[in-house]
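Below, chain A is the first sequence line, B the second, and so on; all start at residue 1. Predicted, not measured: the structure shown is a model, and the values here were computed from it. Quick note: numbers below take in every heavy atom, side chains included, and nothing from hydrogens, waters or symmetry partners.
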Amino acid sequence: MVRTIITTIGSGLGLTLFSASAHAEWTVNLTPGVTDVSRSVFDLHMTIFWICVAIALVVFGVMFWSIFHHRKSRGAQAHNFHENTLVEVIWTVIPLLILVAMAVPATATLVKMYDPSEAELDVQITGYQWKWRYDYLDHDLNFFSNLSTPREQISNEADKQEHYLLEVDRHLVLPVDTKVRFLLTSNDVIHSWWVPALAVKKDAIPGFINEAWTIIDEPGIYRGQCAELCGQDHGFMPVVIEAVSQDDFEQWLADAQAEKQSAAAAAERTWTLDELMQQGEQVYLRACAACHQPTGTGIPGAFPALKGSPVATGEVAAHIDIVLNGKSGTAMQAFRDQLSATELAAVITYERNAWGNSLGEAVSPAQIARLLEPATGEAEQ
Amino acid sequence: MSMLDTTLESPVHEHHGPAKGLGRWLFTTNHKDIGSLYLWFSLLMFFIGGCMALMIRAELFQPGLQLVEPGFFNQMTTMHGLIMVFGAVMPAFVGLANWMVPMMIGAPDMALPRMNNWSFWILPFAFAMMISTLFMDGGAPNFGWTFYAPLSTTYAPPSVTYFIFAIHMMGISSIMGAINIIATILNLRAPGMTMMKLPLFCWTWLITAFLLIAVMPVLAGVVTMMLMDIHFGTSFFNAAGGGDPVLFQHVFWFFGHPEVYIMILPAFGIISHIIPTFARKRLFGYASMVYATASIAILSFLVWAHHMFTVGIPLAGELFFMFATMLIAVPTGVKVFNWVATMFRGSMTFETPMLFALAFVVLFTIGGFSGLMLAIAPVDFQYHDTYFVVAHFHYVLVPGAVFAIMAGAYYWLPKWTGHMLDERMGRLHFWLSFIGVNITFFPMHFIGLAGMPRRIPDYALQFADFNMVASIGAFIFGLSQLIFLWNVIACVRGGEKAEARSWEGAEGLEWEVPSPAPYHTFATPPKLPEALR
């Protein structure tokens with residue numbers, strides 16, 4: 001009741017203030033979600049909420065009644081009682097009983113969440129600053145999932161679209177009615193993988209593997225975000241799940257495998273400098289610009305500049321090495337597993353020829369592909 | 001008892017006043033001067049931390065990046081948290097303790113006056129160092145006030161070392177302050193004041209002081225481990241070297257959870273003085289208040305992992321920490337019931353301190369309810385690290401701890417300055433703060449439940465409207481604190497003359513001495529007033 005009143009007041013305030021807003025969806029509660037577990041969680045949330053509201057009505061009721069009736073201005077005389085063992089025992093015991101009543105369904109739900117039975121599909125989720133990598137462990141398939149909202153929208157130079165900040169270049173595709181197990185870990189700092197509709201939130205911790213599972217009931221697109229502060233672009237690494245029927249999932253797997261083959265073939269052909277520059281800019285903006293900035297100037301003291309830097313204008317071998325293998329002890333990641341040979345060649349070429357770094361030389365995808373070969377077997381760490 | 005004897009033998013020194021000039025403040029060992037220093041310092045930090053909060057709210061006014069870069073945004077959330085916790089709330093309580101504890105127990109001063117001077121004067125240097133990191137290459141700490149490793153070690157800006165040193169200094173200051181309060185309360189009580197006659201503010205502070213001594217070394221330990229990882233090649237928190245990032249969180253929250261109660265128990269004490277005064281009725285259930293405070297303190301050591309439900313704890317661990325956390329609701333409930341029972345059949349008036357105290361009871365309890373919801377582990381998976389948590393802890397800290405501090409300041413200002421407050425201005429400050437604080441933090445429950453993670457500089461469009469509301473509320477609340485500053489200064493400079501017993505229903509030794517309290521009080525131990533005997 002309190003909630004409805006407050007919601008009403010809130011919406012009233014909102015309507016007067018922002019009637020022009022195009023996206024006024026006054027969401028005020030948890031989503032019930034699309035899994036058995038998420039619905040139990042939602043019910044539990046509502047139960048506890050209403051218990052709290054009931055207690056609040058009683059306690060604040062007595063308080064406001066006293067404030068109204070026992071005020072000096074109404075001639076109230078102070079009474080002299082200041083303890084009563086019976087009353088004090090009662091209001092210790094009753095809350096205890098209420099807590100036990102809450103603990104029972106809470107324990108049941110938690111036990112259900114910890115169900116250890118076998119899963120039908122295993123997906124490894126690895127957090128990176130600031131993107132997710134998904135590995136379908138039994139299908140030799142993995143890819144990165146990056147924020148796909150254009151920078152112009154974030155910097156207010158273009159209109160924000162419906163799924164602003166909650167859209168990615170590649171969805172995590174999962175079959176419905178299938179027990180999927182998530183194995184979570186991280187490549188750098190602690191992240192937390194969260195999809196509200198699944199009621200799954202689990203930390204991805206470097207060096208350790210966490211486990212969670214879900215069985216999605218309905219096909220659809222479900223969006224979430226990283227929940228643990230993981231550095232500068234913590235707010236820009238969403239999770240998007242596309243739940244599809246089991247048949248569609250098989251089809252998607254087959255398509256994804258075929259796509260992988262054609263990407264490998266693309267590395268073998270000859271690319272012109274212009275082509276590499278064009279693709280390189282896209283890759284750079286997606287994978288590098290968060291730290292090194294779109295203008296290549298970096299952030300002094302935090303992330304080095306590439307514009308005119310000794311690495312980006314010096315020996316090409318050293319440049320390739322740092323992009324492929326990262327630099328330990330810093331935020332510079334190893335990109336050998338994150339980008340394809342073509343993308344790596346393109347971005348390195350771009351860095352050596354953009355912002356006045358005009359070396360005029362192209363790094364060929366084939367050259368990078370050869371460097372990647374010996375490591376393919378041990379790419380997993 | 002030897003200290004008490006010494007003071008008894010030297011009544012000759014009773015009448016010397018404060019030294020002149022800056023030296024008075026630099027070298028003072030007087031508990032009232034040091035109390036004032038603490039209070040002014042914490043007010044300054046409250047405004048600095050508040051400006052950072054307003055910067056955060058200004059950026060979040062609309063979706064998109066308008067004012068600051070994400071990196072700077074993270075520095076603001078981090079510094080806002082650290083400054084408010086260690087610079088505003090904690091020193092304010094120590095300041096109130098310095099002023100009031102000796103006067104409440106009939107002691108001439110704190111037990112260890114020179115250490116008292118030192119524990120204050122460390123603080124300005126610690127905070128100067130911490131704030132200076134904002135101007136360093138790579139910026140200030142940007143890993144949140146909880147500074148989880150490895151974001152705060154391997155991936156931290158170079159300024160983290162200054163931050164570690166500053167935390168060490170704040171810890172030393174807190175520990176010394178705590179030792180002083182324990183020594184004062186245990187040794188310097190007036191004859192006849194047994195422990196179960198101790199004013200509740202002293203009781204809650206005594207228990208808080210033990211919490212401080214127990215956990216500040218743990219905080220020092222965890223930042224030292226960070227220092228070792230960063231500079232000396234150890235791998236406490238680095239999995240690649242055999243360490244464990246989650247170890248950091250266990251150690252941090254073993255400090256962090258008692259820390260939460262360090263920031264609220266003295267507030268309980270203040271409220272337990274103000275409500276009886278303005279209800280003109282003795283506090284209901286004094287003994288159960290003491291036992292409830294002690295139970296909360298003990299339980300606070302057993303619940304730390306409820307901040308870590310999502311790190312992957314085994315089922316048995318989740319259940320233990322869930323049950324232990326829920327249990328805290330019992331003693332907390334007892335306190336709220338006692339306050340309500342104190343008002344029941346009283347004879348209430350609603351001066352500014354009482355208004356803040358009443359708002360405290362209601363809004364702190366709302367924060368308690370959301371705390372209970374957060375304790376339920378399976379549901380916490382949905383709440384954890386969202387704005388629901390931000391709403392929860394701001395409800396217990398702002399209209400909780402901060403309102404209690406303001407209530408206390410308004411309550412004791414007549415004793416400190418000898419002048420009554422301009423009630424009209426006090427009420428204006430109260431109502432603007434009350435409205436502002438709710439407009440700011442209540443919508444955060446909604447955006448949290450709707451799915452907005454905390455510590456993000458930009459957000460999806462469905463969170464836009466409530467964020468705008470919260471930002472408007474934040475500016476109302478923030479700007480109305482200038483009225484508080486005005487009120488304090490006005491009270492210091494003049495106003496209606498305050499009686500020794502400045503409020504009609506006030507009881508306790510502090511109301512037996514004149515207003516303003518003379519520079520030295522109780523050079524000889526007082527006789528307890530009727531009500532306390």
Heavy-atom distances under 4.5 Å only: say whether B/Phe388 touches chain A with side chain, backbone, both or neither. neither
Quick one: do B/His445 and B/Phe442 satisfy ring pair (Phe, Tyr, Trp, His ring centres under 6.0 Å)? Show the steps, please. CA-CA 6 Å; B/His445 291 112; B/Phe442 211 86; 4.9 Å; yes
Between A/Asn210 and B/Val311 (side chain of the first, backbone of the second, donor and acceptor by atom type, cut-off under 3.5 Å), is there such a pair? yes
Where does B/Met308 contact chain A at under 4.5 Å (heavy atoms): side chain, backbone, both or neither? neither
Region of B/Pro157 that comes under 4.5 Å of a non-hydrogen atom in chain A: neither
Between A/Asp233 (side chain only) and A/Phe236 (backbone N and O only), is there a donor and an acceptor less than 3.5 Å apart? no
I would like to know whether A/His70 and B/Phe344 meet ring pair (Phe, Tyr, Trp, His ring centres under 6.0 Å); could you show each step before the answer? CA-CA 7 Å; A/His70 302 150; B/Phe344 186 71; 5.3 Å; yes
Does any N or O in the side chain of B/Glu59 come within less than 3.5 Å of the main-chain N or O of B/Val68, such that one atom is a donor and the other an acceptor? yes
Max heavy-atom pairs within cutoff under 4.5 Å with chain A, candidates B/Gly505, B/Ala450, B/Ala279, goes to B/Ala450
For the ring pair B/Phe237 and B/Tyr148, is the centre-to-centre distance below 6.0 Å? no
The interface call for A/Asp188 against chain B, heavy-atom contacts under 4.5 Å, is both
When the 4.5 angstrom heavy-atom criterion is applied to A/Ile94 and chain B, the contacting part is neither
Looking only at heavy atoms and a cut-off of under 4.5 Å, which of A/Val93, A/Leu96, A/Leu99 has the most pairs with chain B? A/Leu99
Most contacts with chain A, counted as non-hydrogen pairs under 4.5 angstrom, among B/Asp137, B/Val246, B/Val379: B/Val379
Scored by heavy-atom pairs under 4.5 Å with chain B, the best of A/Gln232, A/His163, A/Lys201, A/Gln225 is A/Lys201
Between A/Ile205 and chain B, which part of the residue has a heavy atom less than 4.5 Å away: side chain, backbone, both or neither? side chain
Of the backbone (N, CA, C, O) and the side chain (C-beta and beyond), which part of B/Phe323 lies under 4.5 Å from a heavy atom of chain A, both, or neither? side chain
Considering only heavy atoms, which portion of A/Ile154 lies under 4.5 Å from any heavy atom of chain B: side chain, backbone, both, or neither? both
Less than 4.5 Å to any heavy atom of chain B: does that hold for the side chain of A/Ile51, its backbone, both, or neither? neither
So, the side chain of A/Thr149 versus the backbone of A/Leu165: is there a donor-acceptor pair under 3.5 Å, distance only? yes
When the 4.5 angstrom heavy-atom criterion is applied to A/Phe303 and chain B, the contacting part is neither
Residue pair A/Gln129 / A/His191, side-chain heavy-atom distance below 4.5 Å: yes
Go through the steps for B/Glu318 and B/Phe309 under the test side chain to side chain contact (heavy atoms under 4.5 Å, CB included), then give the verdict. CA-CA 7 Å; B/Glu318 299 255 338; B/Phe309 279 146; 3.5 Å; yes
Can you say whether B/Asn238 sits under 4.5 Å from chain A via the side chain, the backbone, both, or neither, judging by heavy atoms? neither
Verify whether one side chain among A/Ser192 and A/Asp203 offers a donor that lies under 3.5 Å from an acceptor in the other. yes
Does any heavy atom of chain A fall under 4.5 Å from the side chain of B/Thr386, the backbone, both, or neither of them? side chain
Portion of A/Met63 that has a non-hydrogen atom of chain B nearer than 4.5 angstrom: both
Filter on salt bridge (Lys or Arg N to Asp or Glu O under 4.0 Å), then keep only pairs touching residues 89-112 of chain A, sequence neighbours left out; what's left? A/Asp36-A/Lys112
Which one wins on heavy-atom pair count under 4.5 Å against chain B: A/Ala106, A/Gly207, A/Gly235, A/Pro95? A/Ala106
Hey, are the side chains of A/Val200 and A/Val195 touching, using non-hydrogen atoms and a 4.5 Å cut-off? no
Would you mind telling me which of B/Val336, B/Thr310, B/Ile456 has the largest number of heavy-atom pairs within less than 4.5 Å of chain A? B/Thr310
Structural part of A/Phe64 lying under 4.5 Å from a heavy atom of chain B: side chain
Closest-packed option against chain B by number of heavy-atom pairs under 4.5 Å, given A/Ile98, A/Val100, A/Thr107: A/Thr107
Please confirm whether the backbone N or O of A/Phe182 pairs with a side-chain atom of A/Glu211, one donor and one acceptor, at under 3.5 Å? no
When you measure from the side chain of A/Ser38 to the backbone N and O of A/Pro32, does any donor-acceptor pair fall under 3.5 Å? yes
Would you confirm whether B/Asn467, through its side chain, and B/Phe463, through its main-chain N or O, come within 3.5 Å as a donor-acceptor pair? yes
What I want to check is whether the side chains of B/Ser288 and A/Glu88 have a donor and an acceptor closer together than 3.5 Å. yes
Side chain, backbone, both or neither: which part of A/Trp194 has a heavy atom under 4.5 Å from chain B? side chain
Of the backbone (N, CA, C, O) and the side chain (C-beta and beyond), which part of B/Ala375 lies under 4.5 Å from a heavy atom of chain A, both, or neither? neither
Mind ranking B/Leu283, B/Val362, B/Thr349 by heavy-atom pairs under 4.5 Å with chain A and telling me who comes out on top? B/Val362
Please classify the contact between B/Ala460 and chain A as side chain, backbone, both or neither, with a heavy-atom cut-off of under 4.5 Å. both
Tell me, out of A/Gln77, A/Glu83, A/Arg71, A/His79, who's got the most heavy-atom pairs with chain B below 4.5 Å. A/His79
Pick one of side chain, backbone, both or neither for B/Pro63, based on which atoms fall under 4.5 Å of a heavy atom in chain A. both
Chain B shares the most heavy-atom pairs under 4.5 Å, among A/Asn80, A/Ile299, A/Thr92, A/Ile67, with A/Ile67
Does NZ or CZ of A/Arg74 come closer than 6.0 Å to the centre of the six-membered ring of A/Phe68, within 45° of the ring's axis? yes
Proximity breakdown for A/Phe208 and chain B, heavy-atom pairs closer than 4.5 Å: side chain
Return yes if some donor-acceptor pair links the side-chain N/O of B/Thr342 with the main-chain N/O of B/Phe284 below 3.5 Å, else return no. yes
Against chain A, label B/Gln66 side chain, backbone, both or neither, depending on which of its atoms sit under 4.5 Å from a heavy atom there. both
Greatest number of non-hydrogen atom pairs under 4.5 angstrom with chain A, of B/Val334, B/Asp385, B/Leu319, B/Thr146, falls to B/Asp385
Non-hydrogen atoms of chain B under 4.5 Å away: do they reach the side chain of A/Glu228, the backbone, both or neither? both
Could you check which of B/Asn142, B/Leu327, B/Val361, B/Val340 has the highest count of heavy-atom pairs closer than 4.5 Å to chain A? B/Val340
Between B/Lys281 and A/Phe81, is NZ or CZ placed under 6.0 angstrom from the six-membered ring centre and within 45° of the ring axis? yes
